[in-house]
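Positions are given from 1 along the sequence.
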Amino acid sequence: MKFIDEFRNKEKAKKIVRAIENISTKEIKLMEVCGGHTMSIQKFGIPSLLPPQIELLSGPGCPVCVTDRKYIDQAIAYARLDNVIITTFGDLIRVPGSSSSLDNEKAKGRSIKIVYSILDALKIAKENPTKKVIFLAIGFETTVPGTAAGVITAAKENVDNFYVFSSHKVMPPAMNALIDEGVKINGYIGPGHVSTITGTGIYSGLAENFNVGCVISGFEPLDLLQSIYMLVKQFEEKNPKVEIQYKRAVKVEGNIKAKEMMYDVFEYRDDWWRGLGTLANSGLGISKKYAKFDAERKFDVEVEKTKEDKGCICGEILKGLKSPKDCSLFANVCDPSNPVGACMVSNEGACHAFYKYNRE
């Protein structure tokens with residue numbers, strides 16, 4: 001198949017659903033850990049097509065959603081410094097901090113600019129040599145190589161007023177931690193975008209250590225249904241393993257050049273995840289080789305004590321323990337125009353996806 005409508009063919013979808021029904025005999029819980037999958041699953045009504053014994057859970061796959069509130073507070077502290085320009089992707093500007101947001105700080109006159117890539121931020125740094133420009137870097141292995149390329153470019157061009165505040169995270173520690181915590185997961189719908197960079201090796205421990213399978217999935221309805229079929233088949237046959245459904249984009253070895261850039265600029269460190277707390281070696285900080293571009297090393301700021309909103313259950317939703325509809329704030333005081341929690345901010349957040357496609 002080459003065209004999008006072929007991946008949305010109703011008759012082929014019905015055929016895969018029947019195949020799933022024919023092999024599924026036991027209750028099974030499958031989790032997607034990619035915000036793009038969360039959005040597609042709700043948009044195309046995938047849960048409504050499946051037998052009742054198959055339950056889909058949304059996991060920690062939205063980069064905005066898992067970003068620590070403390071990170072937002074620290075970014076706000078940077079924004080309040082003199083002669084500093086904060087550059088950020090649009091979603092992050094609306095995520096609530098403990099007592100403010102980047103959006104509120106922008107309204108108060110702080111210099112905060114929305115960019116579409118780190119190269120836009122680098123351009124702003126070159127155009128404003130008397131200012132210090134900080135790029136807020138979030139996301140998983142999908143976006144890390146892009147940030148790395150920006151830092152390498154800044155080094156080659158001797159841009160000395162450009163800094164990165166990293167909240168980049170890697171996916172496997174979170175997937176392992178959920179199972180370690182006792183969240184009942186029988187299989188992972190593996191992240192398609194992350195896997196184009198990493199390949200499949202990062203998931204091998206799931207099958208070997210936890211007897212949980214992982215199928216790397218594409219984003220169209222037939223992709224997702226076929227991935228669910230493959231996971232159900234693994235589960236029924238008691239044969240958990242790592243498989244690639246998204247073969248048109250993902251290779252076993254991943255993108256070797258992108259991984260080289262990633263590990264040239266970044267190094268592993270412990271990091272905090274919303275809902276999961278601190279996970280060992282789950283984050284990426286700027287390496288010593290590129291320390292001059294590290295905002296955390298450059299700027300010493302006082303950050304207010306982090307305060308979480310009472311009533312918001314984003315943490316439990318990100319662990320698959322609750323559905324957005326279980327939250328008393330959902331579609332009540334919390335909606336995309338007034339997000340209380342990070343899961344309602346981003347298009348890839350579970351609450352946003354449920355609000356848009358599955359509110360009733």
Side-chain angles (χ1 to χ4, degrees), residues 31-35 37-38 57-75 92 95 136-148 164-183 185 188-210 212 214 216 242 254 258-259 261-288 290 294-296 306 308 314-321 342-343 346 348-350:
M31 173 177 278
E32 87 271 2
V33 286
C34 173
H37 284 158
T38 300
L57 309 174
S58 296
C62 161
V64 171
C65 303
V66 298
T67 299
D68 185 4
R69 179 166 282 202
K70 183 179 178 182
Y71 178 86
I72 302 297
D73 292 337
Q74 190 161 335
L92 203 61
V95 177
L136 305 185
I138 67 167
F140 303 107
E141 292 95 331
T142 319
T143 54
V144 178
T147 305
V164 169
F165 180 28
S166 176
S167 183
H168 280 308
K169 291 175 169 54
V170 292
M171 187 56 77
M175 297 169 77
N176 294 339
L178 287 170
I179 300 172
D180 263 345
E181 279 197 20
V183 180
I185 298 167
Y188 277 113
I189 299 173
H193 293 147
V194 163
S195 305
T196 59
I197 303 298
T198 66
T200 60
I202 63 169
Y203 309 109
S204 58
L206 291 169
E208 294 169 4
N209 302 325
F210 302 107
V212 171
C214 179
I216 314 302
V242 181
K259 288 193 284 190
M261 285 198 303
M262 189 165 83
Y263 294 118
D264 183 35
V265 174
F266 290 96
E267 57 190 15
Y268 287 111
R269 65 179 181 184
D270 298 349
D271 206 352
W272 195 96
W273 294 59
R274 192 184 304 271
L276 290 168
T278 301
L279 302 179
N281 292 323
S282 67
L284 294 170
I286 303 287
S287 66
K288 290 179 182 176
Y290 294 97
D294 187 352
E296 292 174 88
T306 304
E308 299 290 346
C314 271
E316 292 174 273
I317 291 170
L318 289 168
K319 291 196 290 187
L321 298 175
C343 296
S346 171
E348 295 187 350

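- Taking each heavy atom of Ile138 and Thr143 in turn, the nearest pair found is O-OG1, 3.1 Å.
- Going from atom CZ of Arg269 over to atom OG1 of Thr278 covers 11.5 Å, rounded to the nearest 0.5 Å.
- A heavy-atom distance below 4.5 Å is found between the side chains of Tyr203 and Ser195.
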CA sep, side-chain torsions, deciding dist, call: Leu321, Val183, side chain to side chain contact (heavy atoms under 4.5 Å, CB included): CA-CA 7 Å; Leu321 298 175; Val183 180; 4.1 Å; yes
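- Smallest separation of non-hydrogen atoms from Leu284 and Ser166: O-OG, 2.6 Å.
- In this structure, CG in Leu206 is found 9.0 Å from CD1 in Ile185, a value given to the nearest 0.5 Å.
- Counting all heavy atoms, side chain and backbone alike, Tyr71 lies closest to Ala137 at OH-N, 3.4 Å.
- Shown here are the side chain to side chain contact (heavy atoms under 4.5 Å, CB included) partners of Ala295, two or more places apart in sequence or in another chain: Tyr78, Ile134, Tyr163, Phe165, Phe299.
- By the side chain to side chain donor-acceptor pair (under 3.5 Å) test, Lys169 is found to be paired with Ser167, Asp271, residues two or more places apart in sequence or in another chain being considered.
- Side chain to side chain, Glu267 and Ser287 fail the donor-acceptor criterion of an N or O pair below 3.5 Å.
- Nearest heavy atoms, Cys314 versus Arg274: CB-CD, 4.0 Å.
- For Phe266, the ring-ring contact (aromatic ring centres under 6.0 Å, His included) partners at least two apart in sequence or on another chain are His168.
- In this view, Thr198 satisfies the side chain to side chain donor-acceptor pair (under 3.5 Å) rule with no residue, not counting sequence neighbours.
- Residues meeting the salt bridge (Lys or Arg N to Asp or Glu O under 4.0 Å) test with Asp180, sequence neighbours left out: none.
- Put simply, CG on Leu57 and NZ on Lys319 are 13.0 Å apart, with the number rounded to the nearest 0.5 Å.
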Show every donor-acceptor pair shorter than 3.5 Å between a side-chain atom in residues 59-68 and any protein atom, with sequence neighbours excluded, or say none if there are none.
residue	atom	partner	partner atom	Å
Thr67	OG1	Pro63	O	2.6
Asp68	OD1	Lys70	N	2.9

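- Distance alone, capped at 3.5 Å, is enough to place a donor-acceptor pair between the Tyr188 side chain and the Met175 backbone.
- Nearest heavy-atom pair, Ala280 versus Asp270, reported as atom, atom and distance to 0.1 Å: CA-OD1, 3.2 Å.
- Shown here for Leu279 and Ala177, the closest heavy-atom pair between the two residues is CD2-CB, 3.7 Å.
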